[in-house]
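Convention: sequence-line order gives letters A, B, ...; per-chain numbering from 1.
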Protein chains: 2
Amino acid sequence: MLQMETNRTYSNVIARLRASGLRPTRQRIALAKLLFDDGDRHVTAELLHAEAKTANIRVSLATVYNTLHQFTEAGLLREIVVDSQRCYFDTNTGEHHHFFFEKSNRLEDIPADEIVVTSLPSAPDGTEIKSVDVVIHLS
Amino acid sequence: MLQMETNRTYSNVIARLRASGLRPTRQRIALAKLLFDDGDRHVTAELLHAEAKTANIRVSLATVYNTLHQFTEAGLLREIVVDSQRCYFDTNTGEHHHFFFEKSNRLEDIPADEIVVTSLPSAPDGTEIKSVDVVIHLS
DNA sequence: ATAGCTGCAAATGCTTTGCAAGGCC
DNA sequence: GGCCTTGCAAAGCATTTGCAGCTAT
């Protein structure tokens, strides 16, 4: 059962990578599994690298960075900016917002329907709204 | 007239520094004038340092960083996080939100009344909402 | 075979820090 | 004078890059 689940997501992962034009290499597959097998997650490069090491996947930190950015460009991840010292990547690419726990440097999703932003200003002149990010800082 | 204005803000600046428990040193006074004399501004350390140089104020980059943080702690500035590579400081400490122009790495204020956030989720367990930051990314 | 990946280590860029010299009260 | 501030240069960190070797197709 667990094995079946693993195989299913393994194939999914490869399919997703191919669909994004990314070669399904050993490292990308392993990182994608860590990222996407467990529901919505928020990771930093450092954290994901540590997880890979724990899972006996040998991958360099540079490759983790490269992979996270490639996944983000491919639309598999979303980058969240809450802290000027660290990059966070969110496996939930849908519309939603975030709690940021300043004490623990941790992010948590807020479902889109729990925050309603009414009366948005329109985008200035020749610009276009790319995203509306709401971060609730908690102390 | 312009001179009077300058003197007035000069005194204001010294008073504000004293009120915040900061010694009004030459560098702090000069930086405070650059920051607070021209209405609401968004600066990075690098930018402020360049402005100081242009204005013939000799101040080291390290001092600019230290000063920006001291001002922030004193409540004279607010730190805005929009880019994981750079710290932005906003002279407008009141409630409001931001446009971020990704092409030019520039911030612009959105008055508080132009964005209405209804139905905020409540803060989890033992936490407290410190701030609700809305950033509209423009491309 | 070959174009694309990966690993390592070095480089980069922003920010902080240590310490001696200088300036405000 | 005493203590806080400053400047400089060096250190610190997260992230990126260059390049030789490896791998998926």
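- When the P atom of dG4(C) is taken as reference, atom CD of Q70(A) falls 12 Å away, rounded to whole Å.
- For R18(B), counting side-chain heavy atoms from C-beta on, the closest listed nucleotide (dC25(C), dG7(D), dT17(C)) is dC25(C).
- Following rounding to the nearest Å, Y88(B) (OH) and dC14(C) (C1') show an atom-to-atom distance of 12 Å.
- Under 4.0 angstrom from either OP1 or OP2 of dT16(C) there lies no side-chain N or O belonging to Y65(B).
- Taking atom CD1 of I29(A) as the reference point, atom C1' of dT23(D) lies 12 Å away to the nearest angstrom.
- Proximity note for L61(B) (side chain, C-beta onward) versus dT15(C), dG7(D), dT17(C): the nearest is dT15(C).
- Straight-line distance from the NE2 atom of H49(A) to the C1' atom of dC13(D): 16 Å, rounded to whole Å.
- Remark: the backbone N or O of A123(B) is not paired with any side-chain donor or acceptor of T127(B) at under 3.5 angstrom.
- dC5(C) atom P lies 17 Å from atom CZ of R58(A), rounded to whole Å.
- If you chain together hydrophobic residues whose side chains sit under 4.5 Å apart, L77(B) and L34(B) fall into the same group.
- Residues D109(B) and F99(B) form no side-chain contact, since every pair of their non-hydrogen atoms from C-beta on lies 4.5 Å or further apart.
- Counting any heavy atom pair closer than 4.0 Å across all strands shown, H69(B) reaches sugar-phosphate atoms only and no base atom.
- Checking dC24(C), dT17(D), dC5(C) against every side-chain atom of R26(B), the shortest atom distance belongs to dC24(C).
- Atoms CG (N66(B)) and P (dC14(C)) sit 17 Å apart, rounded to a whole Å.
- For the helix from dA1(C)-dT25(D) to dC25(C)-dG1(D), the axis fitted to the five pairs at one end and the axis fitted to the five pairs at the other end meet at an angle of 30° (nearest 10 degrees).
- Distances shown here put every side-chain N or O of Q27(A) at or beyond 4.0 Å from the OP1 or OP2 atom of dT23(D).
- S84(A) has its side chain out of reach of R86(B): every pair of non-hydrogen atoms, C-beta onward, lies at least 4.5 Å apart.
- Candidate nucleotides dA14(D), dC14(C), dT17(C) were compared by shortest atom distance to the side chain of E46(A), and dA14(D) ranks first.
- Looking only at atom types and distance, the side chain of R28(A) has a donor-acceptor partner in the side chain of Q70(A) under 3.5 Å away.
- In summary, the side chains of E108(A) and H98(A) do not present any donor paired with an acceptor at a separation below 3.5 Å, with no hydrogens or angles considered.
- For the pair E51(B) and R41(B), the salt-bridge criterion is met [side-chain N within less than 4.0 Å of a carboxylate O].
- Put simply, Q85(A) has no side-chain N or O that comes within less than 4.0 Å of OP1 or OP2 on dA14(D).
- Here the options are D133(A), D40(A), D90(A), the test is salt bridge (charged side-chain N to carboxylate O under 4.0 Å, His left out), and the partner is R78(A); only D133(A) passes.
- Comparing C87(B) and R23(A) against DNA chain C, the residue whose closest nucleotide sits nearer the 5' end is R23(A).
- For the pair L68(B) CG and dT6(D) C1', the interatomic distance rounds to 15 Å; values are reported in whole Å.
- Protein atom CG of L17(A) is 18 Å distant from nucleotide atom P of dT23(D), rounded to whole Å.
- Of the two residues near DNA chain D, S60(B) and P24(A), the one whose nearest nucleotide lies more 5' is S60(B).
- Relative to the side chain of T25(B), the nucleotides dT17(D), dC24(C), dT6(C) differ in distance, and dC24(C) lies closest.
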